[in-house]
Each structure stands twice: as structure tokens, then as C-alpha cells.
Amino acid sequence: MRWQSLILSIWPAFAAIVAAEDGSEGWLRYASVPCNAHCRQNLPSRIITLNATDSSPIETAGKELQDGLQSIFGKNVSIVQSGCHDSSSIVITTVYDYRRLCNSTDEIPELEEDGFWLSAQGDTVHILGQNSRGALYGAFEYLSMLAQGNFSDVAYPSNPHAQIRWVNQWDNMDGSIERGYAGPSIFFADGKIVDDLSRAKQYARMLSSVRINAIIVNNVNANATLLSTANMDGLRRIADVMRPYGVQVGISLNFASPIDFGGLDTYDPLDESVVSWWQDITDQLYDRVPDLAGYLVKASSEGQPGPDTYNRTLAEGANLFARTLQPYGGVLMFRAFVYDHHISEDNWRNDRANAAVEFFKPLDAKFEDNVVIQIKYGPIDFQVREPPSPLFANLRKTNVAIELQVTQEYLGQQCHLVYLPPLWKSITDFDLRIDNATSPVRDVVSGQHFKRPLGGWAAVVNVGTNTTWLGSHLSMSNLYAYGRMAWDPTADSVQILQDWTRLTFSQDRAVLDTITGMSMASWPAYENYSGNLGIQTLTDILYTHYGPNPASQDGNGWGQWTRADGKYIGMDRTLWNGTGFSSQYPAEVAARFENIETTPDNLLLWFHHVPYTQRLRSGKTVIQHFYDAHYTGAETAHGFVSQWETLRGRIDRRRYNETRFRLVYQAGHAIVWRDAINMFYYNLSGIPDEAGRVGHHPWRIEAEDMTLDGYVPYAVSPFETASGATAIVTESNSTAGTAETTLGFSAGVYDLVVNYYDQYGGKSHWTVYINDRVIGWWEGDNEDSLGYSPSIYLDGHSATRITFPRVRIRRGDRLRIVGRPDGVEPAPVDYVALLPAGLVD
Ligand code: GCW
């Protein structure tokens, strides 16, 4: 919302000294760090890159070090290609070349692929990679230390936990991005690869700095036209700009390409013509991109074609591609996200969560060695809380990888702050108790547990052309943390966050503490106001996956059911009486989840169907927990705004304002969530809130109760996304409407709140008056200010709140809202609230 209040606060003058920043450098800003004479003495004055071929990651590392030292310390450092034992230098190369060219017998521990050795002793620095990519990682590590003001002497090896550390873009050929919230693709436009790949190059730099080694550039819902000659040439260009950063390129394939694109009459994976067609495609690709990482395939899933069309198994489908890749050392990532999205909820035993194990377990050992089954972290779909997918425990002879989402699809879509590593760790640290022994998910995905040759991590990322990459400065901590966790999943969420904060914003203690406090509170807060006790994110699963719509979970084939009725809620996934899902886990874990007494509260409704009056360990009933959690969550989100405001002047103005805008928006939307979910379950269960809050809002004035002129009442659907189930909209799409009321509150200073709907397809304009005094105006332009607006309807996605603080009113004052519609947006208003100081409702 663009807005103006008459009570604009004045920016402190001292903030002017902090330069404006747009976020495009992410955590690689290399802001200047104070360095006294002693520190300067300890800065190397030369960079020696040994055996660096053109465009190799070692050459890149040399330039990164040179630029970084210049940017952090203003120090000019030269790059040379020879020298071994010079002091005041950074030697950067591979271990192999160091030993060979420098006749070195230095003790350097054995490194794993992509690992590095970093030794900094005063101004003498050695960065030695197991390969050239590892050397670049070491250079980024050294720069990260310096940029955080850490000048200590160090000497240590660093090795990856897993070989596969990939990101998946869901970018479409037309430039749109599936679940993209930060502008169009940096790779594609109009069916082609864009000419200007400078953003792609910057992206590779950021990925490399957190040790991501490959990227799938197009959507898993893949379009076969990517295989045209022109587009294959384009892929070569992408690979060429990313290679110097050690980031390999791969692509998603559409299973039906032989028909859709190749002109064959079949895509049967066992048909000779199909096999040779794919081999030819693979040969053509490797001809252009000799280090292509491999393919990603979503088959027989959500309407995507797959081997089932020809009664072939998923393994037969996967192996088709895997074999074409084998001569080149490529990897086939095959998604486990296979389920029937037309199952009936009438059958008590049906359960989408069962699908992955049912499909894949019987195929264990049937996959080629270069196949990796890519498994979403939970059995359903990136929900706010899920148990780990039991498939991790069921594939002993097959490589696996975990799929995470940096994209906040079900988690506030980058309009809400949700720092994800604690959620990811709830999965990767989970001990599956395979064969009754310690077996955290992280060690299964790395391949270590079952001694598999391959394994690792993939994350869906929706960077777009927005200068901030993800649309939100704070969301970038998730991308940074993803890379750090894929390298070392035991790394601490707070430490990762603080490294990111120091690099992104500042080393200022207040900045560090505030961002840490907010970020660490953010996932619990989001869980509190979206979906509790393992019921999933209660969003609109049939539309945008953003705002509240609990009813949409049930009554359709998608299987994200809650089975909520007037008395009970939750999925019975027990073996004795339910879908049997709990029995897909190894015995100890299965027993824990089978039994309601031993199921943790936060997964209670995932595994059990219980009355709303069921008591939790806390002593509360399920329904009262819902009510309380929603109030607590919304309050936490509200607190983010004032916490952030303590940083005014400590963060450059642009990023401060852009972030504040989102946090204010989130605080308002958290109330939308709170009220919608609480009202929905109150209405369904008929059980009142013990604290008397739900459905009781003494400071609100419903828009439909005001005197309307040119405005008419409108029944909002779903009902719970409007206070009192009703809003107002202008009678016509071209004429302004007025809503007016006489205030009955006693004289005082109040925060004046308006809840309205910001749909896409129009930018309405509202002005609010007390008597004839303009209090403020705003526009419905979330499409610009948030970067997108999620809905064309009046609903829980478009519902937005604006606050005009500290407005003086007297009893009997007239409050008037004038709404001017625009496009399809009829200047909708839900309610007005006048809140005494300190009250949020
Ligand atoms: O979460 C769902 C998303 C789809 C996505 C699918 C998948 C790419 O809503 O947009 O499609 O998962 O992961 O394949």
C-alpha cells in the first residue's frame, strides 16, 4: 500500500550517513570494516593463483579476493600466477597443484570432493581446494571472516556433508515463475533464454559463496521446448556464465517430450525409438555443456506425464534418463512427489501421505546408481509442520536427497518473515531409529547411513528480477542458510543467521540481537497463526497457498485433509484404526506416533483424530490451544514492527523502510489469519474461547454497519475472512463510495485501523476523515509495493490492514471513508477499528 499519514515521523538526520542499498549484493556486500595499523600490517599484499586456467573457479577466486580486499579495506592487492612461499600473500590453488608446483610437504588433511583447507597466519594465507571449486569456497570463507571483522589466525579443513547441494528454479519458459514472488525469471523470457545473463552470473556468485554446486534452471513442470536447438545454445550460455563459480547447470525434463517435441508417436521408456531419442538429446546437450550436472524429472505427478501411461514402473522411467547420462557422469534426480490427487475422503483409510512409500519402497534396488530420489522433507507438501517423510527410512539401496523450499510457498510467500532453518532442522535432526539405531535424517540423505555413493540436498528457490532477489531482504537469510546447512547440517541456526546478518546489515550488536530475536521467533509465530498441532498450514490449497481458508483442505482429492467436523479434527494415521501411515516408520518411531500418549503435541493432529476437547500436555484443550496460539502468534508478529523500529538509523534507510513495510503488512495479515482460523473453528465446534476474544471485537466498527452511499454490503467467501462475514464494495466500478459513522468511543487518542482488500487488477484509492479532517489516504497497490498481490477476490489473501497511529477523537465525531474504485477493485472495506494505546485487535 502506498500511503500517507498526516502524522509522518521525521527520519533522524544521522541516518543520512548510511548509504542507501538495494539488496542486490545480498550477503556479498563487503562493507568496510575498521582496520587499524596492526590489522593493516596483517593484510596480505598479493594474491597468488597457481595453475588457474581462464574462467576457472581459481581465477574467479583471485578476483573475488582482490575485489573483496578492496571493498572491505580499500586495499589494492595484485594477482600473480607464480610464487609459493612468499609472505604477505594469499596462495590459492588445489592441494594437488600446491604439492606439485610448490614441492610442498605441508601436512594437509585428506579432503573430500569440493572441500578446502584454509590457513591464515597473519598475512600468510593458504587456500587449497580438493578441486578448484573447493578453492573458491575457501576464498569465500576467508572473505566472510574478514567481512565480519574476524582477523584470527586459523588453520582447518572444511568438507561437505553431502555431494549434492543443488537449487531448483521453478522458472517457466515464458519468464513466469511457479510460486515466484520476486518478479519474473532471470533466465527465461518469451520462450527463450534471455540475452543478458548478468543476473544469472551474480546469482551463481551468491550460490557459490554458500557452496551450492548445481542449479536446475527450469520448472519441474517442464516444457519440452527447452530442448530446441536455440534453447540448448542458450543453456550453453547459462553454463558458461556459471562455470567460473563452480556452479553446474542441469535441467528439468518433461517425460512426454518424445511426442510433444520429438514428433514420435510414443514416450514409452522401454521403446527403442524413445531411448535413442533421449540419448540423442543428451548427447546434444553434453556437446554444448560438457559438465551438465544432470536432469530433474517430475513424472506421474499432479497431471505430469510419466511411465505409468505405458504401465512401466517409476524405476523404468527413471533409468531411461539415468542411462543416457551415465557416459557423461551426469546425475538423474527423480522426484518422489508421486501421488494420486483424486482420492476420496469418504474412505477413512485413504491417505496421500502414504503414497511415496507405497510407490517407491517396492522399487528399492531397482534404480541405476546415478539415480537420486529427491524427497520433499515431509510426506505432504512443504507444510508449516510435518514429520519427516518415512521414505527416508525405506530406501536402503537407492540414493536419496532431501527437497526443501527456500521459496516460502506455504509459509508467507516472502511477505511474512519466516526464518526456516529451525523448521528444516526439525526434519534433518530427526532420529528415524532405523534398525533401532541412531539415524538422523541428515545422515540418510548424505548417503552415509546406508553407505550410498550419492546423496544430498535440493531446495526450490524463486529468485527473480527483483533487486532483492527474493522480494524481501530478510528472506535472503533462508537462501544463505540453505547453503550453509547443505554443507554442514549440524551448524547452528543462530550462528548461521548471525553470520548472514553481519554480512548483510552490520556488526552492530543491536542489529544482530534484534534480527536474531525476530527471526528465531518467526517460524513458531507463523505456525501459531497459521496451523497448529500438525494440522498443516490452513491455507487455501485450491488457489494461491497464501492466506487462510481451512475449508479448502477437505472435500477434494488433493488429500491435504484435516477431517474437521463439529466435534473432531485431525487425520487418524494410526495402523490400528486409521490410514496406517504411522507404520511406515521404523518400529520405535512407528510406536511413538501410533500412540496418542507418546505423540508430541505439535504433531497430534497429523496422526490422530480427536475431539476439540482433547487435553494436550499443557492441560489446554485442542480448541483452546488453537485460540490462544493464534492470539500469541499474531502478537509476536505485531512485536516485530517495534523491534525493527529500534534499528532506525542503524540500517541504511532503503532497506530499513522496505523491511518495515513488510513487517507492518505481516502484522496486519497475522490478524487476518488469527481471526479467520479462530472464527472458522468456533463456528464449526460451537465451543467459545475461554478468554472471550474470538468473535468479540469491541473496538471495531463493521463497514456494513456504517451509513453507505455508493457502497453496498458484500458477503465475503470464505466467510471467516471478513469480520462479521461481510465487507462493503462500491456499487459501480467507476464511482466513489462513502461509508460514514458517528463515533461512540470516549474522547482520547487511538490508533485508527482500516481492514480492506487489495486485489490485483486495480488500484483503488481510499481517504479516511474524522469530521472534515483528512487522517490519511492510501492505494490498493500491493501489486507494486509487495511485488505481487495474491488474489483477484475479496478473501484471506487480499485482506490487508492499514494503521494511522495516534489519532485524536471525541465522542460524536464523524468518521468517513471515501473509496474510489479502480479496474476490477471496488475499493473494498471490511472494518474500522479504533484501538486505545497498546491494544491490538
Ligand atoms: O507444492 C506444490 C506446488 C506446485 C508444484 C508442486 C511440485 C511445481 O503447489 O506448484 O509444482 O508442489 O512440487 O511439483
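Each ligand, and each atom within it, is numbered from 1 in the order the structure gives. Just so you know, residue 1 is the first one in the sequence shown, and it goes up from there. Side-chain atoms are counted along with the backbone in the values below, which use heavy atoms only and exclude waters and symmetry mates.
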For atom 12 (O) of ligand 1, state which one of H545, Q560, K376, Q405 supplies the nearest heavy atom.
->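 Considering heavy atoms of H545, Q560, K376, Q405, the nearest to atom 12 (O) of ligand 1 sits in K376.
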What do you reckon, does Q304 put a non-hydrogen atom under 4.0 Å from ligand 1?
->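 False for this residue.
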Quick one: does [X] get an N or O within less than 3.5 Å of an N or O on ligand 1?
X    : answer
E178 : yes
E403 : no
W170 : no
Y410 : no

What residue and heavy atom of the protein are closest to [atom], and at what distance?
atom                   : value
atom 6 (C) of ligand 1 : E302 OE1, 3.3 Å
atom 8 (C) of ligand 1 : N221 ND2, 3.3 Å
atom 1 (O) of ligand 1 : D381 OD2, 2.5 Å
atom 3 (C) of ligand 1 : E409 OE2, 3.2 Å

Which class fits the ring pair Y526 and W673: parallel under 30°, tilted 30 to 60°, perpendicular over 60°?
->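 Perpendicular: the ring planes of Y526 and W673 meet at over 60°.
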So, the side chain of T539 versus the backbone of T537: is there a donor-acceptor pair under 3.5 Å, distance only?
->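 No, the answer is negative, given that no donor and acceptor are paired below the 3.5 Å cut-off.
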Any donor-acceptor N/O pair, Q413 side chain to H545 backbone, under 3.5 Å |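 The answer is yes, because a donor-acceptor pair under 3.5 Å joins these two groups.
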NZ/NE/NH1/NH2 to OD/OE distance under 4.0 Å, D429 and R442 =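 Looking at R442 together with D429, the answer is yes, because their closest N to O distance falls below 4.0 Å.
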Is it true that R396 and D364 make a salt bridge, defined as a side-chain N closer than 4.0 Å to a carboxylate O?
->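 No.
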Chi angles and distances behind the side chain to side chain contact (heavy atoms under 4.5 Å, CB included) call for I427, I402 | CA-CA 10 Å; I427 305 288; I402 190 168; 3.9 Å; yes
R385 to W606, cation-pi by 6.0 Å centre distance and 45° axis angle =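 Here R385 fails the 6.0 Å and 45° test against W606.
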If you draw the axis of the six-membered ring of W487, does the NZ or CZ of R211 fall within 45° of it and under 6.0 Å from the ring centre?
->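 Yes.
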Evaluate whether atom CZ of F680 has more than 12 neighbouring non-hydrogen atoms of other residues, nucleotides or ligands under 6.0 angstrom away.
->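 Correct, the count exceeds 12.
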For D190, does the CG atom sit with more than 12 other heavy atoms under 6.0 Å from it, leaving out its own atoms?
->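 Not more than 12 within 6.0 Å, no.
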[X]: numbered ligand 1 atoms lying under 4.0 Å from its heavy atoms:
X    : result
K298 : 6 (C), 7 (C), 8 (C), 11 (O), 14 (O)
F337 : 6 (C), 7 (C), 12 (O), 13 (O), 14 (O)
V220 : 8 (C), 14 (O)
R335 : 7 (C), 13 (O), 14 (O)

Of the backbone atoms (N, CA, C, O) and the side-chain heavy atoms from C-beta on, which set of N219 has a member under 4.0 Å from an atom of ligand 1: side chain, backbone, both, or neither?
->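 For N219, only side-chain atoms sit under 4.0 Å from ligand 1.
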